[in-house]
Protein chains: 2
Amino acid sequence: MQQRRERERSQREALIVSAARAMAEADGWPSVTVRKLAERIEYSQPVLYSHFAGRGAIIDAVALQGFVEIAEALRLARTSAAPGTELEAVARAYLDFAAANPALFEAMFTLAEGLPFGPDAPASLKAGFDELHAVFAPLAGEEDDPEALTETGWAAVHGLTALDRGGRLRPDLRAERLAILVRRFTGR
Amino acid sequence: MQQRRERERSQREALIVSAARAMAEADGWPSVTVRKLAERIEYSQPVLYSHFAGRGAIIDAVALQGFVEIAEALRLARTSAAPGTELEAVARAYLDFAAANPALFEAMFTLAEGLPFGPDAPASLKAGFDELHAVFAPLAGEEDDPEALTETGWAAVHGLTALDRGGRLRPDLRAERLAILVRRFTGR
DNA sequence: CTCGAATTTCTAGCGCTGCTAGAATAACGA
DNA sequence: TCGTTATTCTAGCAGCGCTAGAAATTCGAG
């Protein structure tokens, strides 16, 4: 009884999130309006507000999905890489993920505002960082704090996606940038 | 006659840009509306549209100002650094600039959409990159393309600002991240 | 100095946005 | 079967970017 209603409700919530994501990936986030979203899922606008506090919360939900997925992608890349090539594999997976899901990435890193990062972040938000940590920490020299090294390495990879998105980097140097990044963080 | 009118016109245009920047830095870009901007400069809305194609073009103008200023800041840091410490000085200047002008930085790297980057970018947009190039190129090893190294180094520094802005990095590791970045790109 | 022409500025409004109060409808238990 | 509760919808508010057309101003010729 009650359970079926709750199940249907969470199904509808997932439908909203996936519809928002699809629309954003197709036409960009500005064209993801509550009206169009409501029309797409064939409910009225107030139904959306019974699931989410507002448009921003829907974007946050999409972003959360993105963090789960990128963690999976990084994990797969790391665990299936030949020994010694983990960094290259994970960095490439990160860049590929960003290129394949630009709107999702935008939600994760420039639009999301209500996600609980920081020390008390939930596991699903930390999982991606953990994958990076697994790759960078072994590369830490005696002077390097592994945590700070991971953050710095993350920034290097993420910076490439951020600058690339704005058309600030030369397309012909794409492979070379990755090679340099790997060399700099593995010490050749 | 004609000259005075043009001068006054460009003064008003500068006023619009500086007002937009100040409002964004004070309350964030979403609260920089054309209406409020018009009220602030004590003209009606259509006057703004006689200077700029739309709200986005105003943001672009602010961003352009930012690129000029960051180039100056990086140049100052580089030329006044002790020999061998240029990278650290420039990287720190970049991070400080981003921290001191968050809304300006947002305009430059996430909001600007009509700025002519790429191969044919004007000198004012390239000046900042040139400063980075002056710092990174000398650090290129035999295998490194200097251009690609500069882009990769830029990404590393920029990534720190991007992740920091979203509260994704541990505040207590700030100095350590910069130290690691410098070590990785200078080869200790 | 006067007056028509050209330019500049303003008023008013369009279609859209996120969001919500209150009415209508549907589902439920007694 | 009927009252209660929960759900959904209709309709509308205030604010947004932007613009057409009216009003005001400035200008040069007579």
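To find a chain, count down the sequence lines: A is the first, B the second, and so on, and within it residues start at 1.
Computed from coordinates, the His51(B) NE2 to dT8(C) P distance equals 10 Å when rounded to whole Å. Remark: P of dG15(D) and CZ of Arg55(A) are 20 Å apart, rounded to the nearest angstrom. Residue Leu48(B) contributes atom CG, which lies 13 Å from atom P of dT19(D) at whole-angstrom precision. Residue Glu39(A) contributes atom CD, which lies 13 Å from atom P of dC9(D) at whole-angstrom precision. Atom pair Leu37(B):CG and dG17(D):P shows a separation of 9 Å (rounding to whole Å applied). Atom OH in Tyr43(B) sits about 13 Å away from atom P in dT25(D), given to the nearest Å. Protein atom CD of Glu8(A) is 12 Å distant from nucleotide atom C1' of dA27(C), rounded to whole Å. For the pair Glu113(B) CD and dG17(D) C1', the computed distance is 15 Å after rounding to whole Å.
In the set dG17(D), dT10(D), dC10(C), dG17(D) carries the atom at the smallest distance from any side-chain atom of Val34(B). Of the candidates dC19(C), dT8(D), dC16(D), the closest approach to any side-chain atom of Arg35(B) belongs to dC16(D). In the set dT17(C), dT9(C), dC9(D), dC9(D) carries the atom at the smallest distance from any side-chain atom of Val47(A). The side chain of Gln45(B) lies closest to dC18(D), out of dT10(D), dC18(D), dC16(D). Of the candidate nucleotides dC10(C), dC9(D), dT20(C), dC9(D) has the atom lying nearest to any side-chain atom of Ser44(A). If you check dG17(D), dT20(C), dA20(D) against the side chain of Tyr49(B), the one that comes closest is dG17(D).
Taking the ring centroids of Phe129(B) and Phe67(B), they lie at or beyond the 6.0 Å cut-off.
When each of Glu88(B), Glu131(B), Glu86(B) is checked for a salt bridge (charged side-chain N to carboxylate O under 4.0 Å, His left out) with Arg78(B), only Glu131(B) meets the rule.
Looking at which nucleotide of DNA chain C each of Lys36(A) and Pro46(A) is closest to, the 5′-most match is held by Lys36(A). Along DNA chain C, the nucleotide closest to Pro30(A) and the one closest to Ser50(B) are compared, and the more 5′ of them pairs with Ser50(B).
With a 4.5 Å cut-off on side-chain heavy atoms, Phe52(A) and Glu13(A) count as touching. Counting heavy atoms from C-beta outward, Phe136(B) and Val90(B) have side chains that stay 4.5 Å or more apart.
Residue contacts shown for Thr33(A) are limited to sugar-phosphate atoms, with no base heavy atom under 4.0 Å away.
With hydrogens and angles disregarded, no donor-acceptor distance shorter than 3.5 Å links the side chain of Lys126(B) to the backbone of Asp120(B).
Contact between the side-chain N/O atoms of Arg12(A) and the OP1/OP2 oxygens of dT8(D) is found at a separation under 4.0 Å.
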